[in-house]
Each structure stands twice: as C-alpha cells, then as structure tokens.
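The block underneath contains the structure these notes are about, expressed in structure tokens.
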Amino acid sequence: MDQKVVAPETGSFANYPQQPHGGKLVDRVLKGKEREQELIRARQLPTIMVDLEAVITLEMIATGVLSPNEGFMNEEDYKSVLYEGRLKNGVVWPVPLSFAPIGNRNKEVVASLSIGDEVALADESKEPVAILKIEDLFAYNKEERAAQLFGTTDRNHPGVDSIFRRMGDVALGGPISLLRRVDWGPFEKIRLEPKDTWRIFYEEKKFRSVGGFITGANPLHRGHEYIHKNALETVDGLLVQPLVEMAKREYTRNEFRMLSYRSVLDAYYPKERVSLAPLRVTYIFAGPRETVLHALIMKNFGCTHALIGRDHAGVGDYYDKYASHSIFDEFSPDELGIDVQLYHEVFYCTRCSNHATEKTCSHDERFRLKISGTGIREMLRHGIMPPKEVVRPESSRIAMQGIQPKGLDENQRSISPVGKTIKSMFPFYLEATRLGGTYRREKLTPEELTIRDLEAATMDVRLNADRIYQDIYEEYTYVGDADRDMQRQWVTEARESLRHQQEMVVEDLEEKVKQAPETASDEFLYQDKVESKRELEVAKRILEDIPPALRADKLEYRTWNPLPYNRYRGSDEPEEK
C-alpha cells in the first residue's frame, strides 16, 4: 500500500515554520470504503494477538506521531537506531521501534510467516486493529537491546524488565495500516492528533512558533508552570501533553491528573495561546533517549520548540541528574529540526519570593521549597495539600482524589518513607530550626522523621513562606519611605516606646552605679560597683540596638534639593500660577 502524506489545507508544509520529522507526516489510517474492504480481508489473514501497549503504538505510527516511521523497523534500521541513534538513512531516531510477539499461539503464527506475507493484529476483543505487511523477520538479543538502549541489563530497571517480559525472540518488520482507532474514554473529547494541531496552530491561529511540553505521572505543579510561562514570553503558542497510559498504580490516576491540568490552565493561562491534549504513548523508560523521542514527537505535532525539564523521562538513579540535557549534545540542531529549550531544576525561593533555578538564585536551602514529583504524590497520599508555592490548590485538590493507594498501610508505612518525602520537598527542615531560620546544632536524618514532622514542615511553610520576603520588604520601606504617611504609625510608636523605656533603664542604672559600694556586703543580695557598671554597659548597648523611630520632621534632610520642577525641564522661566 502506498504511503500517504497528510498536509494541512494549504497543501504544503513548506508554508509553515516547522516540518514533520523526516519531511513527511505519516498517515496509515484507513478510511471509508477502503477501510471496510481491508477489515473484511483482515479477518481472513493469519492473526497475532496484541496487548494494549502494542495497540497504542500502532495508533501512534498510523496517525503520524512517530513520523517518518510507517511501521515496525527492519533489522537494518533496528541495528542502526540501537547503536547510532539514527535510521539507516541518517535521520535521527533514538529508540528502536520493533514488534516481537509473545505467547505460544503467536509464536506458532510467526513461525508460519515469510517476507511478503500480511498478518492481522487483533486486540483483546479478537477484532483486527491493523494489518502488518512483513518486509523482514529477524532474531535479536534481548541483553544486547537492553545494554545499548538503557545502558544496563538490570531487571530492576523498568525498561529492561519490559524487554524480558513483553518481547519474544523474533521481530517482524514492515509497514502497518490501521483499521480502527481506540476510543479514549474521558480523553476522547480533548484528543488531538498531529493533523489537528498543524491545522490549529498554523491555519486557524496563524502562529509562527509553538512550544511543546510532554509530562508524565504528576499533576501540574509550579515547576511546570515556570517552564510554560517562561516559554510563552518568546513563543506564540504552547502545547501541553500529559501522558495518559501505562502509569504505575502508585501515581495519580490519569483522569484526575488531566482534570488537574485543565483546572490550572483555565484559571492561570492565556486560553487562546495554550492547547491541552492527552498524549497516549507507550512508556519506554529509556531515560535520556526517550527525551529525544519526546522532542521528535513534539515536532511531529507541529511544535517549533521542545521544552525539557531537568529530569525529563528520568528513571530512578540509573542516569545522571542532567542526562536528559546532555543527550542533545549528540545531535546537531539542524538534524533534530526543533529548538530544544533546556530548563534546570525549578524551586521556590522564599527569600527571592519567586520561582527560580540554580542559574538565577544564590540563596541556600534554608529558604527553598523543592518541587519533587514523588514528594508531591506522597503528600497527596497522606491527605496533605502541598504548599501553594509548589502546587496550586486547583491542581492538588483534584489530584488528591486520584492518588492510589492512600495514607499508610497496615504497618503504618508509606510507599515512600516520610523522611525521604520531607527531604525532597522541604530540605530546610533537616538543617534549620524553621524555614529561613538558624541552623540546627545537629542535623536531622530522614530515617528519624515521622508524619508529624511532615505536618510540622508543611505548616511552617504555609504560615511563613509569604512572610520572609514581606518582612524584609517592610523593613526596607520603613527605612526608605521619605513620605511617612506610607508607613504604619504603630511601628514608629512602638520604637519610640522601646527607646523611652530603655532610656529609663539606663537612667536608673546610672544612679545605681553612683551609689554602688566598692565591695558588696552580701554578694547574694547586693551588687558591687564593678558588677553594676557591667549591668549599665549592657543596658546602653541594648539602647543602641533598638532601631530608631522615623518621623517626617526627622527626615527633612533627605529633601536636599527642592528646586522648582521647571528647572529640571530646561526652563529658567518662573512657573505660571
């Protein structure tokens, strides 16, 4: 069957600021009479049963999400991608796209196939989903695949485990034709395919640039928002795509996560410039390589910019903290064809009173609130809404309903230890007595922390995150305002009272020193002159420490050049009255 290329209504991608990856947007979705005929024929073909993950992959290929791939890779492309990160024709492609069925019945069917044959791929309903035309059959080494793709053969790595659980011994390569789409349930009404986004961005809205953002298992948090809004300062539009498949049960359920996104986008984002669409993809758990794949997927949706966070597609501790950034050093901007924007870890600095990264903030962890996806999930699991500086309440309130499991288990344990959650969200708590406070004499260890510590740290943040910069600002304005009507009179009066009271203390102690004996007759009842003088010195120092009260009549010296304004306009003529 001939390759189909979908172009927006103008008939050419050349008119747009972006091009699909590889130069064409794949369309392997059969329609109308052709679909009806092929569906009848598919029921007569040998059939391989496939799981939901394979069905999703078929749909991604057919709708152009994985352009320029028209189907599953032959051995030559497979090897080239595995070792070079490129198809055999040199086009960047970071992850092998292969199909190796498992199951005894499937193996029998595979053994009966030859190059040139066609096979129907059916889902659990036993109805055909797609037809695969076989151009190659080849065996491959699972350990080799794991080592090259993931950098490890450790079965604890979810990607490695998936290879050994889900993949057979023989891969089938060739183009596919999709016979029917899967209904996306609650996501169907906001579903967007590449053909839709190209039309929306470049025909309807006339954008010249679009930033893409793919996100995983967490509800929308302020780190995401920081990246989005920084990008919106420079691009015309934003496409936000939360992944909605294959999430672990411990994560926030997809329906609630999408609703948390919708709630925040509706309340805080410019509606005409932002599109939200679920992205139904198969998790590959490929770490840095998967990050490159996501960038190319964004490109196929028409995005000109890929927004990549610090731990995009991260997998535990298997990869370096910024491996999802350094992977892009292996490819030139021209061959990627999308402007990759890399963002460092975002946190909220209570001293700066805004969100920042290591590149923009110099304050230490006593003032920082970290934005950890795992930490957010664990707080929600315990029934605690994270601080508004970490997650907006519109997001966390809905996400909390979708978190599974909830609370503590029968042994009073969490999925993630409480101490680990506190360290990931509130690092100040282990080192400082409070947010922005003095350092503890001895640091706390995560192992000794309990749910009560999580409650205490959260309450400290709720009460004081806003106060730190506000208090600093008020100190500056009290000293800086020459217009004293701007200031709170009670602060001035309190300072005057403090000084007056301490002046009385000093005055009385001066009298006491005059009368104090050189030697006290009873050291438990009376003070000698030396001790009385020390007491007086301390009282004078305290008086010096009391900040002065500032009134308007004391600040006249600041208005030192009260010339008529017309002198500053370049005129020596007197002002008209």
Side-chain angles (χ1 to χ4, degrees), residues 5 7 13-26 60-61 63-70 73 77-97 148-151 194 197-198 201-202 207-216 227-228 230-232 234-241 243 279 281-282 284-314 319-320 322-344:
V5 179
F13 286 103
N15 299 325
Y16 302 118
Q18 183 54 291
Q19 303 292 305
H21 192 55
K24 59 185 178 182
L25 188 63
V26 170
M60 292 170 66
I61 294 169
T63 58
V65 174
L66 302 179
S67 297
N69 296 284
E70 301 177 38
M73 293 178 178
D77 273 330
Y78 170 82
K79 288 280 189 180
S80 180
V81 168
L82 194 63
Y83 283 91
E84 305 297 332
R86 291 169 172 78
L87 297 169
K88 62 182 180 181
N89 63 6
V91 172
V92 173
W93 196 264
V95 177
L97 192 58
Q148 291 300 317
L149 182 56
F150 303 118
T197 53
W198 285 88
F201 297 154
Y202 300 119
F207 289 158
R208 300 304 300 168
S209 57
V210 179
F213 186 83
I214 294 175
T215 181
I227 293 173
H228 298 164
N230 269 275
L232 281 170
T234 58
V235 298
D236 295 338
L238 176 69
L239 175 63
V240 179
Q241 295 183 290
L243 302 179
L279 182 60
V281 304
T282 52
I284 302 171
F285 302 107
R289 282 207 186 198
E290 191 168 4
T291 304
V292 178
L293 175 64
H294 286 173
L296 299 181
I297 288 175
M298 296 178 211
K299 179 182 178 183
N300 283 329
F301 274 92
C303 298
T304 57
H305 295 66
L307 313 179
I308 305 296
R310 188 269 298 178
D311 193 31
H312 190 104
Y319 306 107
D320 178 72
Y322 283 100
S324 289
H325 288 189
S326 59
I327 185 72
F328 288 100
D329 294 338
E330 300 177 17
F331 309 100
S332 72
D334 286 343
E335 60 183 345
L336 286 174
I338 187 167
D339 189 338
V340 178
Q341 303 286 314
L342 304 175
Y343 291 86
H344 282 239

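Hydrogens, waters and symmetry mates are skipped; everything else that's a heavy atom, side chains included, is used.
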Phe213: which of Gln241, Met298, His228 passes side chain to side chain contact (heavy atoms under 4.5 Å, CB included):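 So the option named by the test is His228.
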Identified side chain to side chain contact (heavy atoms under 4.5 Å, CB included) partner of Val340 from the options Ile308, Thr291, Ile327: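 Among Ile308, Thr291, Ile327, the one that satisfies the side chain to side chain contact (heavy atoms under 4.5 Å, CB included) with Val340 is Ile308.
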Listed partners of Tyr78 passing ring pair (Phe, Tyr, Trp, His ring centres under 6.0 Å), at least two apart: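 Tyr78: ring pair (Phe, Tyr, Trp, His ring centres under 6.0 Å) contacts with Phe138, Tyr140.
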Test ring pair (Phe, Tyr, Trp, His ring centres under 6.0 Å) applied to Tyr202 - qualifying residues, sequence neighbours left out: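 Ring pair (Phe, Tyr, Trp, His ring centres under 6.0 Å) check on Tyr202 returns Tyr16, Trp198.
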Taking the side chain from [X] and the backbone from [Y], do they hold a donor-acceptor pair closer than 3.5 Å?
| X | Y | answer |
| --- | --- | --- |
| His21 | Trp93 | no |
| Gln18 | Gly337 | yes |
| Arg289 | Pro94 | yes |
| Lys299 | Leu336 | yes |
| His325 | Gly309 | yes |

Does [X] reach the side chain of [Y], with side-chain heavy atoms less than 4.5 Å apart?
| X | Y | result |
| --- | --- | --- |
| Val65 | Phe301 | yes |
| Thr197 | Val210 | no |
| Pro20 | Asn300 | yes |
| Pro68 | Leu87 | yes |
| Leu243 | Thr215 | no |
| Thr234 | Ser209 | no |
| Asn69 | Asp77 | no |

Compare every heavy atom of [Y] with every heavy atom of [X], then report the nearest pair and how far apart it is.
| X | Y | result |
| --- | --- | --- |
| Pro194 | Leu25 | CB-CD1, 3.9 Å |
| Ser67 | Gly64 | OG-O, 2.8 Å |
| Glu330 | Glu335 | O-OE2, 4.1 Å |
| Cys303 | Gly212 | SG-CA, 3.5 Å |

From CA spacing to verdict: salt bridge (charged side-chain N to carboxylate O under 4.0 Å, His left out), Glu70, Lys24: CA-CA 11 Å; Glu70 301 177 38; Lys24 59 185 178 182; 3.5 Å; yes
Quick one: pull up [atom1] in [X] and [atom2] in [Y] and give me the separation to the nearest 0.5 Å.
| X | Y | atom1 | atom2 | result |
| --- | --- | --- | --- | --- |
| His294 | Leu279 | NE2 | CG | 7.0 Å |
| Leu238 | Phe201 | CG | CZ | 8.5 Å |
| Asp236 | Thr304 | CG | OG1 | 8.0 Å |

